[in-house]
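In what follows, a structure is listed as structure tokens, so that the remarks can point back to it.
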Amino acid sequence: MLKKQVLQIGKKALDFTLPDYNDKPFRLSDNKGKKILLSFHPLAWTPVCAKQMQSLEQNKKFFDQNNTIAVGLSVDPTPSKKAWAKELGIKNTRLLSDFWPHGVIAQQYGIFNEIDGISERANIIIDEDQTIVFKKIYPPAQLPDIKEILAFLEKKE
């Protein structure tokens, strides 16, 4: 059984490796020196989750200009993420699969909903030194305000 850890602001982010929708590994520690936005969403193929991931894709230029990599994460398997990315027209934002062990990264970051077996809707920002500097959990039906994230990233320059 995985020991539950709840990572909070000011704590070092736990390193992890997850496959993206192209089955290419994404390792957090490989991106040291950049800010990372971990944008967790409960499930692919749902309207609010689609808008959340599309907002990352639409703001790719901003993220690049602010030394930030934005990734979307959910417990969906890689083939589902690949089909969903194609359906949404997402080509530049990596959508990661926290499928197996089921939701382990969401569990480690303290945002796994054990009753439903999915992650909460959340945004977590990790700074260049891999410290958590922002963490917000949203109600499942609420689309996170991307402007809040963009403003936070801009002020952290």
Side-chain angles (χ1 to χ4, degrees), residues 13-109 111-113 116-128 130 132-157:
L14 290 179
D15 195 17
F16 66 83
T17 303
L18 287 176
D20 70 9
Y21 64 90
N22 287 315
D23 216 20
K24 182 179 171 190
F26 174 91
R27 184 176 177 146
L28 184 68
S29 61
D30 287 348
N31 296 289
K32 192 169 184 173
K34 292 191 175 279
K35 291 174 266 191
I36 310 292
L37 167 60
L38 303 177
S39 191
F40 287 87
H41 55 100
L43 289 170
W45 303 99
T46 60
V48 177
C49 295
K51 289 177 184 170
Q52 183 181 350
M53 295 303 100
Q54 288 169 325
S55 73
L56 300 180
E57 182 81 358
Q58 291 162 358
N59 286 284
K60 173 80 164 86
K61 185 176 178 181
F62 175 90
F63 293 129
D64 290 346
Q65 292 169 343
N66 287 274
N67 194 36
T68 303
I69 298 171
V71 296
L73 297 89
S74 73
V75 299
D76 298 285
T78 303
S80 178
K81 299 287 267 194
K82 184 175 184 80
W84 192 50
K86 183 177 179 182
E87 174 78 17
L88 296 177
I90 292 178
K91 297 178 182 168
N92 300 303
T93 301
R94 294 179 76 178
L95 303 182
L96 309 182
S97 174
D98 191 12
F99 181 70
W100 197 257
H102 190 73
V104 70
I105 304 309
Q107 290 176 45
Q108 290 177 337
Y109 281 82
I111 57 167
F112 188 73
N113 178 327
D116 296 326
I118 57 177
S119 76
E120 302 287 350
R121 187 175 312 284
N123 280 321
I124 298 171
I125 299 174
I126 299 167
D127 72 8
E128 296 88 346
Q130 308 237 295
I132 298 169
V133 294
F134 179 96
K135 181 177 181 180
K136 186 170 181 180
I137 299 172
Y138 306 84
Q142 179 184 334
L143 178 64
D145 183 1
I146 192 68
K147 290 178 185 170
E148 174 185 40
I149 298 302
L150 302 180
F152 183 86
L153 290 168
E154 223 167 26
K155 78 174 178 77
K156 293 299 284 184
E157 278 301 308

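Nothing here was measured: the structure is a model prediction, and the numbers come from that model.
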Q. Can a donor-acceptor pair be found between the side chains of Q130 and S29 at a distance below 3.5 Å?
A. no
Is there a side-chain contact between [X] and [Y], using heavy atoms and a 4.5 Å cut-off?
X	Y	answer
F63	N92	no
K35	E128	yes
D98	F16	no

Q: Check I111, N123, I125, L38 against K135 for a side chain to side chain contact (heavy atoms under 4.5 Å, CB included) and give me the one that passes.
A: I111
Can any side-chain N or O of [X] pair as donor or acceptor with the backbone N or O of [Y] at less than 3.5 Å?
X	Y	value
R121	Q142	yes
N31	K34	no
R94	K24	yes
N59	K147	no
N66	T68	no
S119	H41	yes

Q. Should the ring pair H102 and F112 be called parallel, tilted or perpendicular, given that the plane angle runs from 0 to 90° and is split at 30 and 60?
A. perpendicular
Can you measure from [atom1] ([X]) to [atom2] ([Y]) and round to the nearest 0.5 angstrom?
X	Y	atom1	atom2	value
S74	I105	OG	CD1	13.0 Å
N67	I36	CG	CD1	8.5 Å
L96	L73	CG	CG	4.5 Å
I146	K51	CD1	NZ	14.5 Å

Give me the atom names and distance for the closest heavy-atom approach of [X] to [Y].
X	Y	answer
V133	D127	CG1-OD2, 3.7 Å
Y138	P144	CZ-CB, 3.6 Å
A50	L88	CB-CD2, 3.7 Å
L56	G72	CD1-N, 4.2 Å
P42	D76	O-OD2, 4.5 Å
W84	W45	NE1-N, 3.0 Å

Q | Neighbour count above 12 (heavy atom, 6.0 Å) for W100 CH2 | A | no
Q. Given E120 and Y109, is the side chain to side chain contact (heavy atoms under 4.5 Å, CB included) satisfied, shown in steps?
A. CA-CA 10 Å; E120 302 287 350; Y109 281 82; over 6 Å; no
